[in-house]
Amino acid sequence: MRAIQVYEVGGPEVLREAEVDQPRPGPGEAIVEVAASGVNFLDVYHREGRYSLPLPFTPGAEGAGTVVEVGPGVADVAVGDRVGWVEIPGTYAERAVVGSSRLVPLPDDIGFETAAAVLLQGMTAHYLVKDAYPVQGGDTVLVHAAAGGMGLLLTQLITHLGGRVIGTTSTTAKAELAKRAGAAEVILSSAVDDLAAEVRRLNGGQGLPVVFDGVGAHTFDASLASLRTRGHLVLFGAASGAVPPFDPIRLAHGGSLTLIRPSLGHFIADRSELLRRAADVFEWVRSKALEVTVTGRYALSEAAQAHSDLEARRTTGKLLVIPDAAALAHREETQS
């Protein structure tokens with residue numbers, strides 16, 4: 001079968017299409033024919049070696065498709081089931097092997113592309129606003145990169161929960177997207193000299209209870225400076241690079257601040273929690289509390305371009321890799 005392989009860590013150019021052996025299911029595993037794979041910064045971290053995986057490996061950690069084979073002892077799914085999954089590497093391929101306990105059955109009204117576009121980021125947004133910092137009605141919240149796939153979901157959810165979003169974006173076009181998602185105010189990060197001062201100005205001179213920061217190195221200092229006394233910085237990603245080591249006394253000097261660096265895997269480790277979060281995300285999609293926006297679809301051979309576009313912030317919304325070249329070509333023809 002065809003799959004993307006990473007033989008050495010590095011830039012997007014290390015993503016290479018190759019012919020590999022068909023996977024076979026072991027005990028408790030299922031083989032899924034991949035209909036769509038989400039593209040996430042997690043994939044970039046794996047490709048760069050920031051989160052190391054044994055070489056060679058197939059990247060992609062979010063997918064949806066149809067179960068075509070199951071191994072011994074599988075009781076959670078059956079052949080023919082429509083499923084989605086997250087945080088299991090190997091989705092940039094025609095088929096993937098996944099532990100059956102990590103597969104999420106898809107409701108009839110949730111399509112493959114929707115599932116592949118929303119599960120990882122949707123469940124991330126879920127634990128961020130429900131657990132990492134439970135957003136309350138009336139909270140004013142800073143969301144960095146508010147027009148990205150993750151930022152749009154967070155902005156919608158915080159607004160749905162009664163919060164007020166101040167977003168940051170890099171362009172006026174992205175600012176309009178963030179506003180359509182519910183952001184009350186949007187700051188063009190390139191147009192202000194002191195981001196934290198502008199945040200406080202937009203909040204009546206006060207700091208914020210929480211900042212959701214998936215950008216990392218470029219925004220970390222401004223995020224801390226935007227918080228009120230006993231505020232919370234939720235650092236959930238590092239799109240601009242890892243935050244350098246710092247002296248924790250900064251948190252005390254900033255007003256007894258709290259910093260959390262959470263990861264989705266710790267919030268879906270139990271299958272019942274995985275299914276509960278996924279069900280909530282699907283219900284939010286169904287009720288239109290979350291609008292899923294797919295803005296780019298790439299063939300397997302274009303995976304490197306997908307990563308380049310994501311890292312350069314040339315995109316908004318969600319990017320997908322579609323392993324079935326014929327299906328992708330047909331979709332592009334019908335949309336042109």
Side-chain angles (χ1 to χ4, degrees), residues 40-42 44-45 50-51 120-135 139-159 161 163-170 174-175 177-178 181-190 192 194-200 202-203 206-248 250-251 253-264 266-267 310-311 313 316:
N40 298 285
F41 270 101
L42 176 63
V44 174
Y45 303 158
R50 194 180 309 179
Y51 296 170
L120 191 148
Q121 291 180 333
M123 290 195 294
T124 297
H126 188 287
Y127 86 74
L128 289 176
V129 303
K130 293 286 190 178
D131 298 278
Y133 176 86
V135 172
D139 282 343
T140 297
V141 178
L142 178 61
V143 175
H144 287 297
M150 190 68 230
L152 289 173
L153 294 183
L154 269 176
T155 297
Q156 292 175 73
L157 280 187
I158 292 165
T159 303
L161 294 170
R164 172 175 173 262
V165 172
I166 299 174
T168 68
T169 66
S170 57
K174 290 183 177 181
L177 284 176
E185 305 281 356
V186 180
I187 301 169
L188 293 182
S189 52
S190 60
V192 295
D194 189 333
L195 178 60
E198 181 64 7
V199 169
R200 289 174 178 271
L202 293 172
N203 195 43
Q206 303 299 310
L208 306 181
V210 63
V211 175
F212 289 106
D213 188 343
V215 176
H218 291 175
T219 52
F220 182 75
D221 290 337
S223 294
L224 283 179
S226 298
L227 292 169
R228 71 187 185 194
T229 298
R230 292 165 56 185
H232 304 271
L233 173 51
V234 182
L235 182 69
F236 64 91
S240 67
V243 174
F246 73 100
D247 188 343
R250 285 184 61 186
L251 302 178
H253 290 163
S256 295
L257 306 178
T258 299
L259 168 66
I260 181 174
R261 180 55 174 93
S263 179
L264 174 61
H266 301 132
F267 292 84
L310 181 68
E311 291 178 85
R313 300 190 185 183
T316 58

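Quantities reported herein were computed from a predicted structural model and do not represent experimental measurements. All heavy atoms count here, side chains included; hydrogens, waters and symmetry mates do not.
- Atom CG of Leu310 and atom CG of Asn40 lie 8.0 Å apart (nearest 0.5 Å).
- Scanning all heavy atoms of the two residues, the minimum distance from Ala175 to Val186 falls at CB-CG1, 3.6 Å.
- In terms of modelled atom types and a separation under 3.5 Å, the side chain of Arg200 and the main chain of Ala225 share a donor-acceptor contact.
- Residues Leu233 and Leu257 are not in side-chain contact: their nearest non-hydrogen atoms beyond the backbone lie 4.5 Å or more apart.
- Here the side chains of Leu154 and Leu128 are in contact, with some heavy-atom distance below 4.5 Å.
- One finds the NE2 atom of His144 at 4.5 Å from the CG atom of Asp213 (value rounded to the nearest 0.5 Å).
- Note that CD1 of Ile158 is 10.5 Å distant from CG of Leu153, once rounded to the nearest 0.5 Å.
- By the neighbour-count criterion of 12 heavy atoms within 6.0 Å, atom CZ of Arg230 is sparsely surrounded, having that number or fewer from other residues, nucleotides or ligands.
- Taking NZ of Lys174 as the reference point, atom CG of Leu188 lies at 11.0 Å (rounded to 0.5 Å).
- Of all heavy-atom pairs between Ser170 and Ser189, the closest is CA-OG, 4.2 Å.
- Distance check: Arg164 CZ to Leu208 CG gives 8.5 Å after rounding to the nearest 0.5 Å.
- Judged as a side chain to side chain donor-acceptor pair (under 3.5 Å), and not counting sequence neighbours, Thr169 has no contacts.
- Leu142 and Ser226 get closest at one heavy-atom pair: CD2-OG, 4.0 Å.
- The NZ atom of Lys130 lies 5.5 Å from the CG atom of Leu161; values are rounded to the nearest 0.5 Å.
- Judged by distance alone, with hydrogens and angles left aside, the side-chain atoms of Tyr45 form no donor-acceptor pair with the main-chain N or O of Gly237 at under 3.5 Å.
- Residues Ala132 and Val234 come closest through the heavy atom pair CB-CG1, 4.0 Å.
- Using cut-offs of 30° and 60° on the angle between ring planes, the pair Tyr133 and Phe212 is perpendicular.
- Counting heavy atoms from C-beta on, the side chains of Leu224 and Leu251 come closer than 4.5 Å.
- Scanning both residues, Thr159 and Gly182, for their nearest heavy atoms gives OG1-O, 3.5 Å.
- With hydrogens and angles ignored, the 3.5 Å screen pairs no side-chain donor or acceptor of Asp247 with any backbone N or O of Arg250.
- The two residues Val243 and Gly216 make their nearest non-hydrogen contact at CG2-C, 3.8 Å.
- In this structure, Ser240 contributes its side chain and Val215 its backbone to a donor-acceptor pair below 3.5 Å.
- Taking the side chain as every heavy atom from C-beta outward, Phe236 and Met150 approach each other to under 4.5 Å.
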Start with the C-alpha distance between Leu120 and Thr124, add both sets of side-chain angles, then the distance that settles side chain to side chain contact (heavy atoms under 4.5 Å, CB included), and finish with yes or no.
CA-CA 6 Å; Leu120 191 148; Thr124 297; 4.0 Å; yes

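- You'll find the side chain of Asp221 stays beyond 4.5 Å of the side chain of Phe246, heavy atoms only.
- Between Glu198 and Asp194 the shortest side-chain heavy-atom distance does not fall below 4.5 Å.
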Worksheet entry | Test side chain to side chain contact (heavy atoms under 4.5 Å, CB included) applied to Leu264 and Met123, step by step | CA-CA 8 Å; Leu264 174 61; Met123 290 195 294; 4.0 Å; yes

